Structures are given as C-alpha cells and as structure tokens.
Protein chains: 2
Amino acid sequence: MQRPTIADIALRAGVSKGAVSFALNGRPGVSEATRARILRVAEEINWRPHSAARALGGARADAVGLVIARPARTLGVEPFFARLLSGLQAEFSSQSIALHLMIVEDTQAEIEIYRSWVSERRVDGLVLIDLKVRDPRIAVVEQLEIPAVVVGGPGRHGRVSSVWADDRAAMLSAVEYLAVLGHTRIAHVSGLPEFQHTQRRSRALRDAATRLTLPRARSLHTDFSDAQGAAATRKLLAGAGRPTAIIYDSDLMAVAGLGVALEMGVAVPHELSIVSFDDSVLAQLTHPSLTALSRDTYRFGVQAAQTMMAVLANPTKTKNHKTETPRLITRESTSPTRN
Amino acid sequence: MQRPTIADIALRAGVSKGAVSFALNGRPGVSEATRARILRVAEEINWRPHSAARALGGARADAVGLVIARPARTLGVEPFFARLLSGLQAEFSSQSIALHLMIVEDTQAEIEIYRSWVSERRVDGLVLIDLKVRDPRIAVVEQLEIPAVVVGGPGRHGRVSSVWADDRAAMLSAVEYLAVLGHTRIAHVSGLPEFQHTQRRSRALRDAATRLTLPRARSLHTDFSDAQGAAATRKLLAGAGRPTAIIYDSDLMAVAGLGVALEMGVAVPHELSIVSFDDSVLAQLTHPSLTALSRDTYRFGVQAAQTMMAVLANPTKTKNHKTETPRLITRESTSPTRN
DNA sequence: TCCGTTCACTAGACCGGTTTATCATTGCCG
DNA sequence: CGGCAATGATAAACCGGTCTAGTGAACGGA
C-alpha cells in the first residue's frame with residue numbers, strides 16, 4: 001500500500017489533519033485522550049513523517065552541514081579530521097541530527113554549496129573548519145542568516161559562534177619546555193600560512209623567541225602533507241646551524257620528520273628533539289615515541305556539536321567556547337641538549 | 001528580500017508557473033525563445049530550486065546515506081574509514097551528491113535510521129559497510145526497495161549490489177609468502193568474528209595451513225582496537241611455541257603489536273615477522289616498516305560510489321564489482337626464519 | 001443570567017515546486 | 001477549404017505536511 005500520510009491517520013481516528021499534526025508534534029490543541037488515540041493509530045499504520053513536506057512548511061531539516069575544502073585524498077591520512085568528525089557526529093546522533101557532508105576543491109565551491117544547502121533547506125546549521133585569515137565564508141554565512149559554528153577561532157568571525165583552543169598558550173608551553181631543556185635553535189614546521197591557527201602558532205613562536213632570546217626560531221610553511229613535512233625537515237637538517245628541536249603542526253608531519261632524521265643519521269632525541277602539535281596513536285606508536293601537545297580531538301568535536309546545538313536553539317546569541325588548552329605530554333622524542 | 005520562487009520568475013517573464021518549470025527542467029512544452037527568456041530571468045533574480053518542494057513531488061534527494069554502527073571513538077583511530085569516506089565523497093561530489101552520515105550504536109539502530117531516511121526521502125541510496133554473517137540489514141534494504149551497495153562482499157546479500165576485494169586470495173598470498181620464508185607457526189590477529197570479511201580471512205588461513213601443513217596456524221579475534229591487538233600479541237608471544245609470524249587484520253593493530261614485541265624484547269623481523277592486512281602511512285612510518293597487504297582504499301571508496309551511481313541510474317540491475325586484490329608489499333618487518 | 005474566556009477541534013490556506021488536462025494557434029494535407 | 005495534428009502555453013490539482021483563523025461548547029465570575 002501507499003505510504004501512510006496524516007490524512008490517513010485523520011480518517012481512521014475520525015479527526016482533522018490539523019489535530020493529527022498537533023498530536024504528533026506534542027503541541028497543545030488536542031485533549032490527552034484524542035492525542036493518545038491519534039498516536040496509537042499512527043503507530044498502527046506505521047506512519048512516518050515526510051521530511052520534504054515538513055521542510056516545505058519551514059521546519060527543521062535535522063541535519064547539519066559540513067563542507068571540507070581540502071584534497072579528498074589527504075583526509076584519510078590526517079587523523080585530525082576523522083577524530084573531529086566522529087566527535088561531532090557522536091554528539092549530533094544523540095539528538096538524531098545527521099551530518100550532511102561534502103568535500104570540494106576550494107573555498108569558492110564551498111561557498112556555493114553553502115548557498116544551495118541553505119536555500120534548499122537541507123541543513124539547519126553549518127560547521128566551518130580551517131578558518132582563514134580573511135575568510136570570505138564568514139560574510140556569506142552572516143548574510144545567509146544560518147546558524148553556524150567556526151571550529152578553531154578565535155579570530156575575525158564576526159557574530160558567528162566558535163569553538164577554539166588556545167593555540168598560542170600551547171605553543172608557548174612547548175617552546176618554554178624546550179628552552180628549559182637548553183634548546184636555543186628551535187624550528188617550526190607549520191601548516192598552510194593562510195590558516196588562522198597557523199598564524200597564531202607562528203606568531204607565538206616569534207614572541208617566545210624574542211622574550212627568551214632564541215636567535216634562530218623560524219617557521220617553515222607546508223601543506224600539512226607528510227611529503228612536505230619530510231621535505232621541510234630535510235631542508236632544516238641539511239643547513240648549517242641546524243635546529244636542535246623541531247615543532248611540527250601535525251603528528252603526521254612529525255612522524256615523517258622523525259623518519260627523515262633517522263634516515264639522515266640524526267639521533268632523536270640526542271641530537272634533535274621533536275615535538276608534535278597534535279597527538280594520536282601515531283605519536284605514541286613510533287620509536288622513539290613523540291612528545292606532543294595533546295588534546296582530546298574527539299571531545300573537541302563533541303563540544304563543537306554542543307555549541308552548534310546551542311546556536312540552533314538560540315540563533316541570536318553568539319557563543320565562543322574555549323576548550324582545554326593542549327597539554328604537553330613528554331615522551332621519548334625530547335631531551336636536554338648536550339652542552 | 002524573500003527567496004525567489006518560480007512564481008516570481010513567471011511573473012517577471014510574463015508566463016505561467018508551469019512554463020517556468022518546463023523551461024528550467026529542459027522539458028518540451030516551451031519554445032526556445034521563451035525558454036531562453038525564462039532562464040535569463042531565473043539567472044537575474046538568482047533563483048535556486050527548493051529541494052524540499054521538489055522532493056514532495058517525488059524527485060531525487062541528491063544524497064546517499066551511510067550509517068556506521070561502531071563506537072564513534074574508534075573511527076578516528078582507524079585509518080580505513082577515513083580513506084573510504086574520502087574516496088566515496090570525492091566521487092559523489094563530482095555529481096553533486098552529498099553524503100548523509102550518521103554514527104549509531106548497533107545494527108538495530110542502523111536499521112531504524114534506514115527506515116526513517118527512506119520514508120522521509122532524505123536519501124536516494126544507501127551504502128552498507130561491515131557486512132555481517134547473517135546480516136539483517138539486507139532484508140530491510142530489499143524490503144524498502146531502495147538502491148543500495150554493500151561495501152565488502154561477496155557474501156549473502158541477495159539482490160543488493162556490492163563492491164569487494166578478494167580477501168581470500170590476499171590472505172593466501174601472505175601465508176604463502178611467509179611459508180616460503182620458512183615460517184610454519186603463523187598466527188592471525190583478526191577482527192570481529194561476526195564480520196564476513198573476518199571469516200573469509202580466517203577460513204583462508206585454515207585452508208592454507210592444511211594445504212601447506214602448517215601446524216599451529218590460528219586466528220585470534222579482537223574488536224579491531226589497538227588495545228585488543230596489543231593484548232592478543234602479548235598472549236601469543238608469552239605462550240610456549242610462540243609464532244614466528246603474525247598477520248594482523250588492520251595496520252593499527254599491527255603497529256600496536258609491533259610495539260608489544262619491542263617491549264617484550266622480541267626482535268622484529270629476526271624473531272618475529274609481522275604482516276599487516278591493511279596498508280597506510282602508519283605501516284610505512286614505523287621502524288621497522290611493516291610488510292603489508294596494500295590496496296588503494298581511497299580508490300575502493302571511489303569504486304563503491306561509482307557502483308552506487310550505476311545502481312541509482314538503473315535500480316533493477318545488480319552489480320557486483322570486484323576490485324583489485326590487495327598486493328603484498330614487502331618491507332622491513334618480515335624476514336626468513338633463522339634455522 | 002449573561003458575557004467573556006478557555007478549550008478542543010476543524011476547515012482551509014499555504015509552502016514551492018511538478019504534472020496533467022485543457023485550450024488556442026498554427027501549419028499541413030487532401 | 002475543412003479537418004486534424006502538432007506546438008506552445010495556461011490553469012489548476014497535487015505532493016504531505018504546518019499553521020492560522022474560526023467555530024461551538026463548556027465553564028466561571030459578576
């Protein structure tokens with residue numbers, strides 16, 4: 001038989017469509033007795049709402065959108081996304097909210113997707129990641145007037161809510177730790193320079209270097225890939241006055257860098273200390289295991305989802321949720337300098 | 001201003017709603033001149049279709065559903081999912097199909113989600129992963145009459161299409177390789193026994209053991225976590241007549257197992273050879289690097305997506321796409337036995 | 001007793017498209 | 001020139017819900 005509609009329920013229960021709608025949505029306007037009867041009939045004929053019909057009336061889509069503008073191939077490699085995604089989705093699941101996911105080439109395409117999803121009412125909100133320095137998405141999201149959460153602030157994101165960790169404090173703690181161990185030549189293999197978090201970390205390193213008078217502190221930009229992480233390491237270790245410590249912006253690059261060091265005969269940690277700005281099994285399973293700035297990325301995703309749901313509940317209120325600052329976990333890849 | 005509708009276009013172009021609909025959908029019923037005029041107006045006022053309204057009329061949702069019934073936390077750790085997901089999505093993106101994603105607790109909840117997504121017309125098709133031995137989802141999907149693709153067959157999945165790799169042949173190649181190196185005591189740290197691919201691999205090992213007369217070949221089941229992988233390894237290495245080679249069903253477990261071996265003072269590869277049934281940077285970056293059965297999981301995802309689209313185009317035809325058999329990549333973690 | 005309120009419920013418009021039935025023109029053919 | 005088909009366009013129904021205005025009855029207070 002055809003899919004049952006509320007009209008069928010109304011017919012069987014002997015009431016009007018409106019009454020059925022009220023009853024099914026737990027709104028006032030029907031007596032408890034009638035409500036119970038309607039629910040029973042709905043159950044009997046196995047009725048389910050037609051989301052499209054609901055959406056036409058302006059109701060929720062019960063989905064949140066996430067667009068990732070990075071090469072698809074790199075995503076499977078980078079543990080960060082997968083963990084963030086599972087955290088996000090785990091929390092959304094508890095409210096039966098699905099994640100509408102799409103991977104695109106660039107920010108322009110991403111914006112196009114936002115426009116169409118919003119105008120087609122496919123999603124109730126958007127999660128933005130990889131905030132850039134002058135990010136064009138912010139204006140678009142504000143103009144579209146859709147609830148949104150930026151993962152990774154704080155920065156210029158106007159009235160849009162955000163969830164962020166204190167990258168600066170984390171970087172400072174890593175640099176100070178290395179300085180205490182006697183390191184003065186500290187390098188930083190960072191991510192894409194257009195990302196705000198990359199900039200914050202690089203700036204924190206510069207500031208710390210000035211304060212602690214570390215002469216050769218510098219950041220080398222990469223695209224986050226293990227290949228470029230390895231290349232940057234090779235360049236650093238081949239040059240004169242090579243660093244005695246390197247901080248990597250991702251554990252994947254740190255592991256790649258470790259491989260290069262071993263290959264070049266540079267002993268870790270005795271000749272080179274390595275710190276990863278991201279922690280995962282990857283960092284724990286290498287030998288030597290990697291000292292890392294650790295945070296619970298899964299939990300970060302959960303908090304992003306919670307913020308999203310708060311914004312959905314009250315779209316006018318901007319929330320800026322600061323999560324725990326990544327803590328330095330010392331493992332085998334760092335040690336005092338030898339002088 | 002309000003979102004423009006086809007009524008607005010009709011007004012401006014001086015035609016009826018119906019004519020606009022015909023023009024926008026490239027159907028006959030309007031002259032070329034009128035069509036051009038309508039398209040121009042639509043462009044001018046930046047009109048976009050309202051998917052909900054379309055769906056109400058029975059049109060496509062332009063989304064494919066994927067439900068994962070595993071603990072959310074483990075997903076971020078396991079590289080396989082992330083790579084599969086990016087392959088899937090990369091291919092779907094090319095047709096502007098979004099992925100509707102949800103993580104749930106168990107198969108029962110997964111089935112509930114299928115029912116609601118289908119009846120709410122949220123998705124055009126479903127991708128099923130982790131096929132179980134007598135998988136209840138198959139019957140549900142057939143009953144719902146929704147296009148579906150099973151990732152990882154072949155097995156009992158009725159008329160539902162599938163994309164699969166020859167696990168059996170892959171396992172045989174690994175065992176034969178180890179046998180040629182002189183190994184006779186080969187263990188297998190496998191995944192959950194209810195999964196069809198786990199069973200196929202275990203059975204292949206048994207068959208090979210019989211044919212090659214390897215006495216102590218056996219499979220230990222785990223839940224795919226690094227913790228259980230490590231525990232299984234510890235158990236294997238602590239016992240008397242310990243294996244000289246272990247095959248792990250995932251690279252994560254292989255890396256964990258490698259850690260345990262090093263910790264227990266068992267030299268790899270001289271005292272113990274390790275083979276991973278899955279390859280990723282993880283396997284390449286350890287020291288020693290891991291011999292692995294390698295396949296392009298990203299590509300696997302792409303092929304799954306292609307199959308899905310083929311099924312969407314022609315739902316009556318079942319497709320069973322066999323992908324490349326995982327090839328053994330020998331690295332540093334395997335060597336001949338010492339006698 | 002009468003009026004104002006509240007309550008339970010109904011009828012019907014509405015959301016933004018698609019589709020069908022219908023109609024007016026025009027062109028062609030015998 | 002009459003008849004028929006093809007073409008281009010329209011009006012209105014329809015999809016399955018939500019939501020608002022309105023109705024009738026019961027109830028309470030002055």
Side-chain angles (χ1 to χ4, degrees), chain A residues 1-42 45-63 115-122 124, chain B residues 1-43 45-62 115-122 124:
Chain A
M1 102 151 200
Q2 284 297 340
R3 124 198 287 282
T5 72
I6 55 166
D8 298 323
I9 302 178
L11 199 65
R12 293 209 187 202
V15 292
S16 68
K17 273 171 65 183
V20 174
S21 179
F22 291 143
L24 292 171
N25 292 295
R27 311 161 104 276
V30 282
S31 65
E32 276 314 309
T34 311
R35 183 187 304 278
R37 184 157 43 91
I38 290 172
L39 291 179
R40 188 152 34 78
V41 173
I45 65 175
N46 196 26
W47 173 87
R48 289 176 186 255
H50 191 307
S51 72
R54 274 219 168 116
L56 247 194
R60 285 280 174 85
D62 281 331
R115 288 193 194 283
S116 62
W117 280 0
V118 170
S119 69
E120 295 172 17
R121 304 267 165 77
R122 279 179 185 282
D124 301 322
Chain B
M1 102 152 202
Q2 285 297 339
R3 126 200 283 281
T5 71
I6 56 166
D8 299 322
I9 302 178
L11 199 65
R12 294 211 186 200
V15 293
S16 69
K17 275 171 62 184
V20 174
S21 179
F22 290 144
L24 292 170
N25 292 294
R27 312 161 104 276
V30 283
S31 65
E32 276 315 309
T34 311
R35 182 188 305 277
R37 183 157 43 91
I38 290 173
L39 290 179
R40 189 152 32 80
V41 172
E43 175 80 14
I45 64 175
N46 196 26
W47 172 87
R48 284 163 192 272
H50 190 307
S51 73
R54 273 216 169 122
L56 206 45
R60 284 279 175 85
D62 281 331
R115 287 193 194 284
S116 62
W117 282 359
V118 170
S119 68
E120 295 172 17
R121 305 267 165 80
R122 280 180 185 282
D124 301 322

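In the text below, chain A, chain B and the rest are named by the order of the sequence lines, each starting its count at 1. This structure is a prediction, so every number in the text was calculated from the model and none was measured.
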Distance check needed: [N] [atom2] versus [X] [atom1], whole Å only.
{"X": "B:N25", "N": "C:dT19", "atom1": "CG", "atom2": "C1'", "result": "11 Å"}
{"X": "A:H50", "N": "D:dT18", "atom1": "NE2", "atom2": "C1'", "result": "15 Å"}
{"X": "A:L24", "N": "D:dG16", "atom1": "CG", "atom2": "P", "result": "15 Å"}
{"X": "B:W47", "N": "C:dG16", "atom1": "CH2", "atom2": "P", "result": "12 Å"}
{"X": "A:I9", "N": "D:dG17", "atom1": "CD1", "atom2": "P", "result": "7 Å"}

At 4.0 Å (heavy atoms only), tell me whether B:S21 reaches a base, stays on the sugar-phosphate, or touches nothing.
base
End axis versus end axis in the helix from C:dT1-D:dA30 to C:dG30-D:dC1, the angle rounded to 10°, five pairs used at each terminus:
50°
Does any non-hydrogen side-chain atom of A:D8 lie less than 4.5 Å from one of A:L11?
no
Salt bridge (Lys or Arg N to Asp or Glu O under 4.0 Å) against [X], all qualifying residues, sequence neighbours excluded:
{"X": "A:R40", "value": "none"}
{"X": "B:E43", "value": "none"}
{"X": "A:R37", "value": "none"}

Show every donor-acceptor pair shorter than 3.5 Å between a side-chain atom in residues 13-29 of chain A and any protein atom, with sequence neighbours excluded, or say none if there are none.
from: A:S16; atom 1: OG; to: A:A19; atom 2: N; distance (Å): 3.3
from: A:N25; atom 1: OD1; to: A:R54; atom 2: NH2; distance (Å): 3.4
from: A:N25; atom 1: ND2; to: A:S21; atom 2: O; distance (Å): 2.7

A:R27 side chain N/O closer than 4.0 Å to the phosphate oxygens (OP1, OP2) of D:dC19?
yes
Between atom CD1 of A:I9 and atom CG of A:L39, what is the distance when rounded to the nearest 0.5 Å?
8.5 Å
Residue B:I6, side-chain atoms from C-beta onward, closest of C:dT18, D:dG16, C:dG16
C:dT18
Contacts under 3.5 Å, N or O only, protein and nucleotides 4-13 of chain C:
from: C:dC9; atom 1: OP1; to: A:S31; atom 2: OG; distance (Å): 3.4
from: C:dC9; atom 1: OP1; to: A:T34; atom 2: OG1; distance (Å): 2.4
from: C:dC9; atom 1: OP2; to: A:S31; atom 2: N; distance (Å): 2.5
from: C:dC9; atom 1: OP2; to: A:S31; atom 2: OG; distance (Å): 3.3
from: C:dC9; atom 1: OP2; to: A:T34; atom 2: OG1; distance (Å): 3.3
from: C:dT10; atom 1: OP2; to: A:S16; atom 2: N; distance (Å): 2.9
from: C:dT10; atom 1: OP2; to: A:S16; atom 2: OG; distance (Å): 3.0

